[in-house]
Amino acid sequence: MALINRSLVTFDDLSNGEIEGLFSLADEMSDSINEQFGVCQGRIMASLFFEPSTRTRLSFETAMHRLGGSVISAVDIKATSLAKGESIADMARVVGSYADIIVIRHPWEGAAKVVADYAGVPVINAGDGGHQHPTQTLCDLYTLKKERHTIKGLRIALCGDLKYGRTVHSLAYGLARFDAEDIIFIHGEGLEIPSHVLKKLTREYGGTLHKIPASNLSSLAQLLQGKSLDMFHRARTDGLDVIYMTPSKLPQQTLRPTFELRVDISEGALYISRLQKERVTSATEGTKLKKDYPVIDKKLLNGKDLKSTLIMHPLPRVDELAYEVDADPRSMYFKQAAWGVPVRMALIALLLGTKEISIPREDDSSVPKIDYPVYRRDFGVRCRNLSCVSFNEARYIKPEFKIVDDQPLTLRCVYCEHELQPQYIASSDWHEGRLANKTYHSADTYWVRKIKPENLIIFDSESEAQAWGLPSHYTRAHH
Amino acid sequence: MALINRSLVTFDDLSNGEIEGLFSLADEMSDSINEQFGVCQGRIMASLFFEPSTRTRLSFETAMHRLGGSVISAVDIKATSLAKGESIADMARVVGSYADIIVIRHPWEGAAKVVADYAGVPVINAGDGGHQHPTQTLCDLYTLKKERHTIKGLRIALCGDLKYGRTVHSLAYGLARFDAEDIIFIHGEGLEIPSHVLKKLTREYGGTLHKIPASNLSSLAQLLQGKSLDMFHRARTDGLDVIYMTPSKLPQQTLRPTFELRVDISEGALYISRLQKERVTSATEGTKLKKDYPVIDKKLLNGKDLKSTLIMHPLPRVDELAYEVDADPRSMYFKQAAWGVPVRMALIALLLGTKEISIPREDDSSVPKIDYPVYRRDFGVRCRNLSCVSFNEARYIKPEFKIVDDQPLTLRCVYCEHELQPQYIASSDWHEGRLANKTYHSADTYWVRKIKPENLIIFDSESEAQAWGLPSHYTRAHH
Amino acid sequence: MALINRSLVTFDDLSNGEIEGLFSLADEMSDSINEQFGVCQGRIMASLFFEPSTRTRLSFETAMHRLGGSVISAVDIKATSLAKGESIADMARVVGSYADIIVIRHPWEGAAKVVADYAGVPVINAGDGGHQHPTQTLCDLYTLKKERHTIKGLRIALCGDLKYGRTVHSLAYGLARFDAEDIIFIHGEGLEIPSHVLKKLTREYGGTLHKIPASNLSSLAQLLQGKSLDMFHRARTDGLDVIYMTPSKLPQQTLRPTFELRVDISEGALYISRLQKERVTSATEGTKLKKDYPVIDKKLLNGKDLKSTLIMHPLPRVDELAYEVDADPRSMYFKQAAWGVPVRMALIALLLGTKEISIPREDDSSVPKIDYPVYRRDFGVRCRNLSCVSFNEARYIKPEFKIVDDQPLTLRCVYCEHELQPQYIASSDWHEGRLANKTYHSADTYWVRKIKPENLIIFDSESEAQAWGLPSHYTRAHH
């Protein structure tokens with residue numbers, strides 16, 4: 001099976017079988033890393049990093065050099081023509097005419113999709129704002145696979161900054177796809193996992209979500225002692241209780257043990273990440289968030305529940321992971337980083353088509369995507385996420401959404417995957433002159449199901465709806 | 001013919017025949033781009049970019065990698081020893097002892113000449129302030145050549161920021177050298193082409209300059225509809241009428257059609273560039289200039305005059321070229337960028353001597369340079385251009401000029417090519433003690449022709465002249 | 001002899017024999033520079049520059065490319081994960097899992113040692129703050145060796161910023177090790193050589209230090225005419241007289257000629273460096289220091305004393321070395337820079353183990369290090385140098401010192417090599433409960449020799465000592 005000329009923008013761009021094949025190739029390359037030098041000789045990778053990074057950029061560049069390829073790179077947005085006002089699309093087209101493959105990190109969510117749309121060569125998303133960082137997820141899953149042989153049935157706790165930490169979101173999707181048993185979200189105060197992530201998990205991967213009442217937290221209390229425990233206690237009184245998600249694919253779901261047992265992750269993994277300070281907007285908020293951030297240290301690891309738990313971290317760490325833990329055999333984070341090289345070598349070679357993988361027919365399952373109707377118009381509703389590439393490059397990007405729900409009407413931006421629930425709709429039937437009066441409606445009326453998706457017009461605000469049409473007597477009743 | 005160990009500082013460093021040969025090699029390399037990997041193996045290119053750039057730098061680095069060579073680069077002036085006060089000359093000598101070829105972009109005009117003077121290896125100017133960017137011109141001409149098979153007889157409109165846009169200046173010289181029929185300058189308000197560029201065109205390439213009165217602009221008015229037309233209208237009332245230049249080499253000049261026909265460039269090209277905001281000194285000036293900047297959009301391209309006109313742009317674009325034009329087959333700008341790679345591959349291989357080109361004897365014509373007398377002294381007149389390298393590195397650079405005219409006396413700086421008309425002169429005959437009184441003269445007296453060029457002393461100001469000598473009774477009469 | 005998997009953090013990491021072997025390999029590589037392309041093919045060098053540099057970084061990267069290896073680089077601390085709060089140790093472990101060899105420049109003194117401690121691959125110190133820059137010293141000594149055939153018996157004047165100029169400190173040690181006869185320190189005003197450097201020279205290389213009274217400076221006065229002479233005059237009245245150091249290894253020491261002869265360095269070298277402005281803390285101090293900085297120009301070089309003196313400079317220069325000197329055959333500084341490439345090629349190939357060197361048995365002498373006792377504790381005294389890596393990365397670095405003297409008690413930080421003289425001590429015998437009263441003592445009592453080094457506890461301040469134990473009646477007497 002060839003992946004030639006494909007791009008990796010979100011983790012969903014690869015099927016489970018493709019990922020398993022990629023992992024086999026990574027194993028092979030890892031075992032003979034010095035014999036891969038000719039695999040991509042003469043090929044050029046563009047490494048475009050518009051946000052700080054050492055690890056990811058150097059990992060990709062190392063991977064390309066180990067394959068014998070060359071690298072051109074642009075690492076600082078201020079030193080590039082983007083500072084002259086150039087669009088991402090133009091940059092993508094030009095760099096795509098130079099290089100054979102592009103690796104892009106950018107602060108705007110959905111930027112990698114735009115690059116992939118315009119470049120004409122394979123594109124790898126190395127992190128687009130708070131959206132996704134799919135190769136980090138590949139490395140995380142590869143580490144679990146290496147250490148536990150399978151992801152199926154594992155119990156994983158995701159811990160720390162679950163709000164701004166994109167690696168955690170991607171990993172949650174990846175774990176759900178590979179049938180992990182439990183994913184326990186242990187967030188720092190004020191850093192809970194966004195609802196759109198939880199919604200996507202339940203809707204698309206069939207999981208069930210449980211909110212654990214404070215009174216049931218006794219064993220978690222043992223799990224996160226001292227400072228961490230304090231934090232959790234506060235979180236509960238604020239109603240920000242621990243949440244965990246289980247993929248419903250598993251038939252054993254109803255047979256699941258009680259909560260007290262469920263938080264024993266000694267055969268699973270504890271994954272913590274730093275507070276993504278660069279995404280926190282105010283300094284005072286940052287200080288507050290930091291105060292109650294969970295910490296993994298020697299004392300915590302003495303707990304019976306964590307006897308053989310893998311300790312994972314995407315790095316860089318700040319204070320949430322004590323240096324004294326480094327020598328512990330459960331520590332996986334430097335291995336995670338090291339395995340990034342063979343995983344990325346395999347990915348680059350596959351997308352450039354210099355390597356192929358064979359996948360047993362029965363494993364060649366794609367991720368079960370739902371075929372949502374698409375909404376795309378020049379006017380009306382736009383993505384409200386200020387970090388979305390469609391908001392920042394509105395000059396040439398037309399808003400585009402998937403209609404993921406109609407009760408209430410919910411749109412998911414195809415760029416940043418943020419969801420929004422607009423209040424007003426209309427039908428283009430009228431707009432095109434077939435009806436005399438341009439009527440608009442509240443989105444929570446039966447009209448949302450009556451108007452065909454291809455005729456639907458959706459507005460951000462009532463004033464926008466009014467500017468477009470005449471007020472409807474239907475909607476007035478709802479005010 | 002070998003170009004080994006030559007440098008490309010200004011476009012004039014290559015003869016027409018050499019350029020044609022380079023284009024043939026670029027064709028060849030373009031046709032077999034993956035077979036060039038061994039051409040420069042083991043050679044090192046230093047890529048020194050002291051001004052923002054993605055396109056040009058990555059294009060050069062791609063070219064070197066495609067040839068199998070290696071690249072060392074310094075991309076941010078703040079991260080280099082220049083921030084410690086090092087001179088360009090020292091940097092050139094040191095980097096010249098590391099690398100086999102140097103590519104330099106620098107904000108100071110003439111900086112590339114200084115690097116070439118000191119490096120001891122071939123140097124390519126990748127843009128020196130507002131002065132020149134000769135490989136951009138090579139790419140522009142190569143694109144015209146590819147699409148129109150010849151440049152001779154083409155009618156080209158240069159549009160937009162003609163004041164700060166160095167690519168436009170270089171291109172104008174290039175078009176003149178290759179016998180384009182008409183070059184039409186359509187400037188944004190306040191962004192007219194500098195007089196020294198026009199002077200050089202007429203003096204050295206034998207062109208005739210026409211100012212088109214506002215009343216004759218009817219077809220241009222059709223050409224640039226809407227916003228662009230407005231701009232032109234304002235420009236005309238300010239006396240900043242459209243200017244176009246024709247090389248006088250062409251015998252057909254006198255047979256030229258009327259203006260209305262002349263502005264039909266449907267078989268030619270329309271070349272627009274962005275406003276070079278980074279060279280505009282005040283923010284308010286920038287805002288004003290931007291307001292009336294010409295724009296190429298779908299509506300404009302519907303005009304009959306532009307039916308098969310090539311739309312060219314050096315990129316990056318800002319707002320002057322609408323995204324809706326990208327899909328139009330007349331759009332050449334992404335091709336221009338892509339062809340930068342084979343053109344630069346050919347250039348690098350030729351300067352490193354790993355490739356040679358054959359030129360038919362009859363084509364090996366150099367650009368017809370005029371042999372102006374040179375003026376070079378430790379004291380007296382200096383280049384007044386604040387961006388000139390000779391002004392900024394006065395520690396070790398002696399001012400040097402070509403005396404391009406004596407009525408009025410006009411000096412052209414050999415570094416930045418800016419021209420100036422100094423007011424006072426004297427003769428070194430007296431200075432060396434042969435005359436008792438040190439007399440100085442106004443530059444617009446007959447003395448400017450009487451004093452031999454090798455004896456001429458030229459002053460910036462009367463006070464400087466007075467400090468040097470005694471006032472002349474000849475010159476007093478002129479005050 | 002193989003140097004495989006060794007690091008070069010300080011100049012003392014290589015024995016004299018190893019350095020001689022490295023110089024032979026550099027000779028060999030220099031003679032056939034284009035035949036070294038396969039030596040390191042497939043190997044990756046990480047080039048991590050957290051401080052401005054063109055020369056050193058490009059020199060290392062050139063060296064690796066000439067050997068056929070690949071380079072990954074991070075050049076701006078702001079663009080890396082260190083800006084997210086990552087430790088040097090974590091970065092070292094991660095990059096060490098990517099690359100085969102690491103070159104590091106960092107503003108903190110001792111940072112390269114930390115990288116070498118954690119990376120797991122060979123590490124080369126390319127400058128750690130004001131501490132060391134050992135490959136610069138290798139290039140300096142290689143230049144002397146090339147030009148004078150031997151360093152033994154040379155008389156070298158080190159001139160300029162002797163306070164902040166790390167290259168000068170390293171070079172002084174190198175010259176002492178290779179038995180230079182005299183090292184004359186000619187400092188700019190306020191820029192005298194730090195006492196810890198002089199102490200290390202005398203203690204470890206057996207030199208004798210002479211202070212030359214102002215009245216004996218007549219021939220130095222001839223040596224440094226004009227401005228430079230002025231500076232020296234002022235220096236003397238301030239009691240900052242010229243200092244020179246002679247290694248006592250030489251048996252001829254007592255037969256040394258008078259001072260007047262000694263300052264004739266016509267067969268030696270004059271080594272000047274720029275003012276390290278980036279290490280000067282206040283702007284006014286910088287201006288003051290600059291005013292009286294020594295300058296080497298044509299006039300100075302006309303002096304008989306300097307007839308065939310080599311003029312050396314680590315570059316970049318600012319104003320201390322006139323451009324008019326460049327054409328002088330005594331100028332060595334561009335050669336110094338050029339020879340950096342083969343020297344670094346040899347070093348990289350040796351540390352990667354792709355080349356070996358043979359050393360005659362009699363030359364395989366290590367530098368005669370003194371086996372000082374080591375002091376290492378979690379509490380008590382810490383390095384007081386604000387630029388020391390152990391101060392800045394205290395999260396995980398335990399303070400560690402060599403006890404280099406006990407009268408007065410003097411500790412040398414193993415990271416930055418700064419020395420300090422703490423005032424209070426105690427014994428861990430008592431701390432571990434064997435004595436009822438926790439007593440501390442003044443460091444200048446006999447207790448400093450009575451307490452075994454392994455039991456010694458050393459405090460920064462009396463308040464710290466008091467916090468730890470009870471006041472001692474022994475120490476009170478000394479207050």
Side-chain angles (χ1 to χ4, degrees), chain B residues 38 40-50 61 64-65 68-104 106 114-115 117-121 352-354 378 393-398, chain C residues 33-38 41 47 49-71 73-79 105 274-278 290 313-324 326 331 333-342 344:
Chain B
C40 291
Q41 197 159 45
R43 305 304 182 97
I44 296 177
M45 179 180 98
S47 171
L48 307 176
F49 277 71
F50 297 115
E61 295 184 11
M64 189 59 173
H65 287 307
S70 302
V71 177
I72 55 173
S73 58
V75 296
D76 185 359
I77 196 165
K78 293 181 299 300
T80 71
S81 55
L82 288 204
K84 299 177 191 164
E86 188 177 35
S87 71
I88 291 174
D90 279 11
M91 180 205 65
R93 286 182 77 156
V94 171
V95 176
S97 74
Y98 298 164
D100 301 306
I101 188 167
I102 295 176
V103 175
I104 175 93
H106 198 283
V114 175
V115 175
D117 287 348
Y118 286 88
V121 297
L352 283 174
T354 59
D378 278 337
E393 301 262 292
R395 278 181 288 178
Y396 62 93
I397 299 176
K398 208 180 267 202
Chain C
I33 201 137
N34 291 322
E35 291 157 36
Q36 310 301 326
F37 191 68
Q41 197 159 44
S47 171
F49 277 71
F50 297 114
E51 265 201 334
S53 170
T54 304
R55 190 174 325 288
T56 306
R57 181 172 64 83
L58 295 186
S59 176
F60 270 110
E61 295 184 11
T62 299
M64 190 59 173
H65 287 308
R66 292 265 179 242
L67 295 166
S70 302
V71 176
S73 57
V75 296
D76 185 359
I77 197 166
K78 291 182 300 299
R105 169 169 289 195
R274 71 183 173 88
L275 175 60
Q276 305 276 313
K277 267 190 298 185
E278 67 272 33
K290 213 172 152 75
H313 192 298
L315 299 179
R317 64 174 148 185
V318 185
D319 302 314
E320 67 284 347
L321 181 57
Y323 281 87
E324 62 192 17
D326 293 5
S331 292
Y333 29 97
F334 291 116
K335 279 193 185 177
Q336 266 171 283
W339 279 326
V341 175
R344 291 183 173 105

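Chain A is the first sequence line, chain B the second, and so forth, proteins listed ahead of strands; every chain is numbered from 1. Since we're looking at a predicted model, the values are computed, not measured. No hydrogens, no waters, no symmetry mates; every other heavy atom, side chains included, goes into these values.
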Worksheet item: Listed by chain and number, what are the side-chain hydrogen bond (donor to acceptor under 3.5 Å, both in side chains) partners of N34(C), not counting sequence neighbours?
Response: none

Fill in: F334(C) and S97(B), any side-chain heavy atoms less than 4.5 Å apart
no

Worksheet item: Residues of residues 60-70 of chain C under 4.5 Å from chain B (heavy atom pairs)?
Response: E61(C), T62(C), H65(C), R66(C)

Practice prompt. Check step by step if side chain to side chain contact (heavy atoms under 4.5 Å, CB included) holds for V318(C) and E86(B).
Written response: CA-CA 6 Å; V318(C) 185; E86(B) 188 177 35; over 6 Å; no

Worksheet item: V71(B) versus chain C, heavy atoms under 4.5 Å apart: side chain, backbone, both or neither?
Response: backbone

Practice prompt. With a 4.5 angstrom heavy-atom cut-off, could you sort out which part of I33(C) is near chain B: side chain, backbone, both or neither?
Written response: neither

Worksheet item: Got Y98(B) and R55(C) here, is their nearest side-chain heavy-atom distance under 4.5 Å?
Response: yes

Discussion item. What part of A46(B) gets within 4.5 angstrom of chain C, counting heavy atoms only: side chain, backbone, both, or neither?
Written reply: neither

Worksheet item: Is the shortest heavy-atom distance from the side chain of Y323(C) to the side chain of D90(B) under 4.5 Å?
Response: yes

Worksheet entry | Sub-4.5 Å side-chain heavy-atom contact between L48(B) and L58(C) | yes

Item to complete: Examine distances only and state if a side-chain atom of R57(C) and a backbone atom of S73(B) form a donor-acceptor pair shorter than 3.5 Å.
Response: yes

